[in-house]
2 protein chains.
Amino acid sequence: MKTAKTVASLKTVASLAGVSIATVSRVLNGDPVVKDETRLAVQRAIKTSGYHPNRVAQRLRSTNRSKKLIGLLIPDIQNPFYVDVIRGIEEYAYANGSAVVIGNFSQDPKREKLYIDILRSESVDGFIVAPSHGKDQDVEELINDGHAVVCIDRGLSNLNVDVVKSDNEKGAFNAVAHLIKLGHKRIAHITGDPAIPTTQERIAGYIAAHKHYGIRVDQKIIKGKESNFISGVEITKQLLALPDRPTAIFTANNLLTLGALETILQQELKIPEEIAIVGFDDVYWATSLNPPLTAVRQHGFEIGQRAIELLYQRIQQPDRLPANVIVKTELMIRRSCGFK
Amino acid sequence: MKTAKTVASLKTVASLAGVSIATVSRVLNGDPVVKDETRLAVQRAIKTSGYHPNRVAQRLRSTNRSKKLIGLLIPDIQNPFYVDVIRGIEEYAYANGSAVVIGNFSQDPKREKLYIDILRSESVDGFIVAPSHGKDQDVEELINDGHAVVCIDRGLSNLNVDVVKSDNEKGAFNAVAHLIKLGHKRIAHITGDPAIPTTQERIAGYIAAHKHYGIRVDQKIIKGKESNFISGVEITKQLLALPDRPTAIFTANNLLTLGALETILQQELKIPEEIAIVGFDDVYWATSLNPPLTAVRQHGFEIGQRAIELLYQRIQQPDRLPANVIVKTELMIRRSCGFK
DNA sequence: ATTAGTTGTGAAAACGTTTACATAAATCTA
DNA sequence: TAGATTTATGTAAACGTTTTCACAACTAAT
């Protein structure tokens with residue numbers, strides 16, 4: 001039977017129940033004005049016809065619906081941190097009968113723009129975005145055009161906007177402090193792309209920890225170019241080739257950590273005896289590493305949840321003051337940085 | 001300036017260009033019938049008004065549009081294999097101006113059903129689904145209702161449908177054959193959920209390799225319950241406690257591998273000297289493991305691409321015969337299973 | 001100069017909803 | 001009992017498109 005059944009619409013239900021489509025619509029939307037008797041007849045008709053509301057028509061017609069469509073702009077879906085964020089968002093969304101359209105722009109501002117255009121055309125009710133950089137024109141425009149937007153992981157420098165992110169500075173501080181307390185005095189920092197705000201915040205935490213414990217900061221061993229695996233490999237190589245090689249490395253995200261690990265492995269250095277390592281971003285496979293990795297855990301799931309809560313609020317109340325939610329991080333101490 | 005600008009519509013453009021909305025629509029859809037002069041005027045008006053087509057209205061009105069909305073039902077977005085699949089789909093989709101709505105149902109048939117309902121209401125043009133099991137009623141219903149559906153990773157037992165998946169049996173065969181060739185005679189297999197078709201196929205490959213090399217199969221060391229981390233931990237513990245402990249383990253997916261690795265690590269056994277391991281599913285961090293993990297690589301990205309290509313074809317030609325695409329796997333030999 | 005055909009455009013219906021407004025029926029008030 | 005109010009429902013417009021059909025203005029053919 002390949003003939004596509006025509007799906008039931010309001011009209012179908014209406015004629016089945018012997019009422020007008022307006023009444024059916026009222027029943028669907030829980031309007032208390034309809035007579036109980038009518039309501040029951042309509043509900044019966046809905047059942048027997050197998051009617052499901054057409055969200056496309058709903059979206060076209062009204063701007064004030066409860067079941068929403070949320071647009072999600074993610075810089076890198078391969079990064080487990082963002083996967084956690086997505087899960088947090090999705091969980092909340094579907095619990096509220098909303099759906100999530102996803103755009104993974106791989107840190108490419110051009111793709112980001114493309115996706116924004118598409119999502120806009122789909123009339124999504126709101127956006128959750130990790131802007132590709134601090135002065136992201138496209139996201140700014142989105143906001144200026146009156147769309148509901150919540151930023152995750154990074155804010156916007158020119159615009160006051162809802163932001164949910166980790167406490168990057170404190171997270172970095174704790175990681176580095178932990179290394180210092182273990183006796184390390186020469187700790188390198190492999191940073192992410194310097195253009196990204198989080199990178200700067202993590203550097204700040206790294207420096208603050210040094211200051212706090214009275215250890216000199218050597219700018220030469222704070223290095224970074226991009227936030228990817230290759231960059232992690234390259235910079236680790238450079239660091240390990242140094243005459244006064246650091247005894248520990250603090251990497252600014254999970255891809256850099258991976259690059260560093262691979263390089264250390266290739267050079268057959270023992271972790272943590274010959275080189276200790278602490279990474280920003282905990283990952284679910286960190287405990288299966290040999291040795292298990294000490295890492296700064298970001299609560300991605302919670303970040304996602306908070307973001308979508310803020311978004312719902314923003315949609316209902318477009319003029320409320322922008323909120324700035326900082327989610328705490330947690331240092332997961334394992335064995336990659338040595339024992340006391 | 002918080003007052004939401006009203007966005008430009010066909011009407012806006014039409015009045016700006018001094019033509020009817022029908023003409024504007026024709027220009028947008030490249031209808032050759034319009035006079036060049038008119039076309040230019042309309043194009044100018046489109047530019048100055050900043051008009052973008054409203055895809056919601058388009059979707060409501062016509063069933064035959066080129067920019068599509070694709071619904072994606074993923075069993076587990078935390079599994080890197082599916083992330084690759086998503087990327088393959090997304091890449092193709094966005095290159096064609098289509099968007100992707102995602103539903104991650106975490107292996108939960110109830111959530112799967114919920115998502116199917118929502119995506120259906122969003123009038124998506126087609127679905128790509130990894131059915132939660134072989135006789136997934138909800139997916140069957142979807143197909144019977146005339147929707148375009150392509151299955152990934154697993155097919156449907158009662159229905160002939162487009163399927164794209166890995167060559168599970170051969171992949172498992174190669175992995176186990178590799179271990180045998182290295183001299184292993186007692187190889188355990190930690191399987192996924194026995195209800196999932198892929199699990200059975202991988203078991204079949206495991207057995208075939210034994211048969212092929214004339215090695216007895218010991219059913220006692222083929223064990224599995226669920227496809228998750230915990231299951232990997234538990235079964236590895238059981239296996240390692242055996243009096244005649246296997247010298248190698250073949251794990252049926254990346255989560256099981258992770259569970260096995262953690263357990264092996266905790267018991268401080270040396271890989272591969274004391275216990276070798278080969279996993280189904282290569283992951284991007286496999287080379288950063290210590291030692292790097294030998295694994296059967298599934299080409300998730302390619303699977304995604306093939307799936308969405310099939311879906312586009314299916315949409316255009318609903319009656320074409322279902323295709324069955326088998327994507328080859330690749331054994332990535334690293335150091336977790338010993339040297340010759 | 002009339003007819004027939006061609007070319008470009010506009011008017012209007014349709015998609016499936018929501019919602020402002022009108023209206024009929026029922027109830028209340030004096 | 002007539003008018004006023006309340007209650008329940010229906011009518012029709014609107015959202016932004018696509019698309020069928022009609023029609024006007026030309027051009028070509030007789």
Side-chain angles (χ1 to χ4, degrees), chain A residues 4-43 45-46 49-69 97 120-125, chain B residues 4-43 45-46 49-69 97 120-125:
Chain A
K5 296 176 199 169
T6 48
V7 281
S9 71
L10 278 192
K11 210 152 57 170
T12 325
V13 178
S15 71
L16 208 68
V19 298
S20 75
I21 60 167
T23 301
V24 181
S25 175
R26 280 189 272 259
V27 171
L28 285 166
N29 294 309
D31 190 330
V33 83
V34 292
K35 223 197 318 189
D36 284 357
E37 189 192 328
T38 321
R39 183 192 316 284
L40 285 170
V42 170
Q43 281 167 342
I46 290 174
S49 65
Y51 168 81
H52 285 276
N54 180 328
R55 297 167 72 118
V56 176
Q58 290 178 326
R59 179 160 314 108
L60 178 60
R61 167 58 219 224
S62 88
T63 48
N64 191 31
R65 53 205 108 75
S66 63
K67 318 264 176 130
K68 310 209 183 297
L69 184 64
R120 210 198 258 250
S121 296
E122 292 287 355
S123 299
V124 299
D125 300 281
Chain B
K5 297 176 198 170
T6 48
V7 281
S9 71
L10 277 192
K11 209 152 60 172
T12 325
V13 177
S15 70
L16 207 67
V19 298
S20 75
I21 60 165
T23 300
V24 180
S25 174
R26 279 189 272 259
V27 171
L28 286 166
N29 295 308
D31 190 330
V33 83
V34 292
K35 227 198 313 192
D36 285 357
E37 190 191 327
T38 320
R39 183 192 316 283
L40 286 170
V42 170
Q43 281 166 344
I46 289 174
S49 65
Y51 168 81
H52 285 276
N54 179 326
R55 296 167 72 120
V56 177
Q58 290 179 326
R59 179 161 311 109
L60 178 60
R61 168 58 218 221
S62 88
T63 48
N64 192 31
R65 53 206 108 78
S66 62
K67 318 266 176 122
K68 311 208 181 297
L69 184 64
R120 211 197 257 249
S121 295
E122 291 288 356
S123 299
V124 300
D125 300 281

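No experiment lies behind these values; they were computed from the predicted model shown. We name chains A, B, ... by the order of the sequence lines, and we start the count at 1 in each one.
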**Prompt:** Quick one: A:L60 CG to D:dT18 C1', roughly how many Å, whole number?
**Reply:** 13 Å
**Asked** Does B:L28 or A:S62 map to a spot on DNA chain D nearer the 5' end, using the closest nucleotide for each?
**Response** A:S62
**Message:** For a 4.0 angstrom threshold against heavy atoms of chain A, report the outermost contacting nucleotides of DNA chain C in 5' to 3' order.
**Reply:** C:dG16 to C:dT19
**Item:** Selection from D:dA8, D:dA14, D:dT18 that lies nearest to any side-chain heavy atom of B:N29
**Value:** D:dT18
**Prompt:** When we call it a touch if two heavy atoms are under 4.0 Å apart, what does B:V33 touch: a base, just sugar-phosphate, or nothing?
**Reply:** base
**Asked** Any donor and acceptor pair, going by atom type alone, linking the side chain of A:N29 with main-chain N or O of A:D31 inside 3.5 Å?
**Response** no
**Complete:** Scanning both residues in full, the closest heavy-atom pair of A:K68 with A:R55 reads O-NH2, 3.4 Å
**Request:** Applying side-chain contact (heavy atoms from CB on, under 4.5 Å), run through B:N54 and B:S9 and close with a yes or a no.
**Result:** CA-CA 8 Å; B:N54 179 326; B:S9 71; over 6 Å; no
**Request:** Give one of base, sugar-phosphate or nothing for A:R26, where a contact means two heavy atoms less than 4.0 Å apart.
**Result:** base
**Asked** What is the nucleic acid contact for B:V19, judged by heavy atoms within less than 4.0 Å: base, sugar-phosphate only, or nothing?
**Response** sugar-phosphate
**Item:** Audit row: A:R59, B:E122, salt bridge (charged side-chain N to carboxylate O under 4.0 Å, His left out) steps and yes/no
**Value:** CA-CA 9 Å; A:R59 179 160 314 108; B:E122 291 288 356; 2.9 Å; yes
**Item:** Verdict with reasoning, B:V24 to B:Y51, per side-chain contact (heavy atoms from CB on, under 4.5 Å)
**Value:** CA-CA 11 Å; B:V24 180; B:Y51 168 81; 5.7 Å; no
**Prompt:** For B:Q58 and D:dT19, what is the distance between atoms CD and C1' respectively, to the nearest whole Å?
**Reply:** 13 Å
**Distance, rounded to the nearest Å, where B:I21 contributes CD1 and D:dT20 contributes C1'** = 13 Å
**Prompt:** Rounded to the nearest Å, what distance is computed from the CG atom of residue B:L10 to the P atom of nucleotide D:dT19?
**Reply:** 12 Å
**Message:** So A:V13 and A:V27, do their side chains get closer than 4.5 Å, heavy atoms only?
**Reply:** no
**Message:** Once you apply a heavy-atom cut-off of 4.0 Å, does A:R59 come out as touching a base, just sugar-phosphate, or nothing?
**Reply:** nothing
**Item:** For atom CD1 of B:I46 and atom C1' of D:dT17, their distance in whole Å
**Value:** 14 Å
**Prompt:** Looking for any heavy atom pair under 4.0 Å, which part of the strands does B:S25 touch: base, sugar-phosphate only, or nothing?
**Reply:** base
**Request:** Search all heavy atoms of A:A17 against all heavy atoms of A:A41 and return the closest pair with its distance.
**Result:** CB-O, 4.0 Å
